[in-house]
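This report refers to the structure that appears directly beneath it.
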Amino acid sequence: MTFYTSFAYPAVLVACAMLVIVGTLVVITARIHRVLQWVVSGTYVIAALQGIMVIVGLVTSQMSSLPVALGYLIATLALLPLLGIARLGTPDAAAASGDPNHPVLAPDQIARVDGGAAIIVGIAMAVASWRITELIVVAS
């Protein structure tokens, strides 16, 4: 698990920090929404790496808190669909929905919603990843 604690976990923390920083900048100025989309793509890759490393580590070790670690891993992965949540407010999504009261967001509103979601996901993912790391370190 040294690979996880020396590479995967720091990569997750960097991804979370980037989500929070770029998300904050997008909330302030919506023009850099494209940068946030790149950061979100990188976060998906790093979260997949974390998931693989945690599952491999849990299978190869005798960890007593396996259900707790799996719960935190599932929580971490369950946060990812929140990234890009503003896509539900695009004109295409509103047209596909049969609801005449479906809200349609302006492009700057879409960017700001995505920025706010990135901040929330970055903080929550960092906390859940920290708990996974603590459980893995204790088990080692």
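Closest approach of Gly23 to Ala118, counting heavy atoms only: CA-CB, 4.2 Å. In terms of heavy atoms, Ala15 sits closest to Thr43 at CB-OG1, 4.1 Å. Across every non-hydrogen atom of Ala30 and Ala111, the tightest pair is CB-CB, 3.6 Å. Heavy atoms only, all atoms of each residue included: Leu105 and Ala86 are closest at CD1-O, 4.4 Å.
With rounding to the nearest 0.5 Å, the separation of OH in Tyr72 from CG in Leu77 is 15.0 Å. In this structure, CG in Asp92 is found 12.5 Å from OG in Ser97, a value given to the nearest 0.5 Å. Between atom CD1 of residue Ile46 and atom CE of residue Met53 there is a gap of 13.5 Å, rounded to the nearest 0.5 Å. Atom OG1 in Thr5 sits 13.5 Å away from atom CD1 in Ile132 (nearest 0.5 Å).
Side chains of Leu19 and Leu83 form a contact here, defined as non-hydrogen atoms less than 4.5 Å apart. For the pair Leu49/Phe7, a side-chain contact is recorded, criterion being any heavy-atom separation below 4.5 Å from C-beta on. Within the 4.5 Å cutoff, no side-chain heavy atoms of Ile120 are placed close to those of Leu82.
A side-chain donor-acceptor contact under 3.5 Å links Ser129 and Gln50.
A single hydrophobic cluster is seen to contain both Phe3 and Leu13, as judged by linkage of ILVMFWY side chains at heavy-atom distances under 4.5 Å, directly or through other members. A single hydrophobic cluster is seen to contain both Val12 and Ile55, as judged by linkage of ILVMFWY side chains at heavy-atom distances under 4.5 Å, directly or through other members. In the hydrophobic cluster analysis, where Ile, Leu, Val, Met, Phe, Trp and Tyr join through side-chain heavy atoms closer than 4.5 angstrom, Leu80 is grouped together with Trp38. At a threshold of 4.5 Å between side-chain heavy atoms, the hydrophobic network of Ile, Leu, Val, Met, Phe, Trp and Tyr places Ile123 and Leu79 in two separate groups. Note on Val45 and Ile52: separate hydrophobic clusters, where clusters join Ile, Leu, Val, Met, Phe, Trp and Tyr whose side-chain heavy atoms are under 4.5 Å apart, directly or indirectly.
Remark: of the listed residues Gln37, Arg87, His33, His33 is the sole one forming a side-chain hydrogen bond (donor to acceptor under 3.5 Å, both in side chains) with Asp114.
The number of heavy-atom neighbours closer than 6.0 Å to OH of Tyr44, taken from other residues, nucleotides and ligands shown, is above 12.
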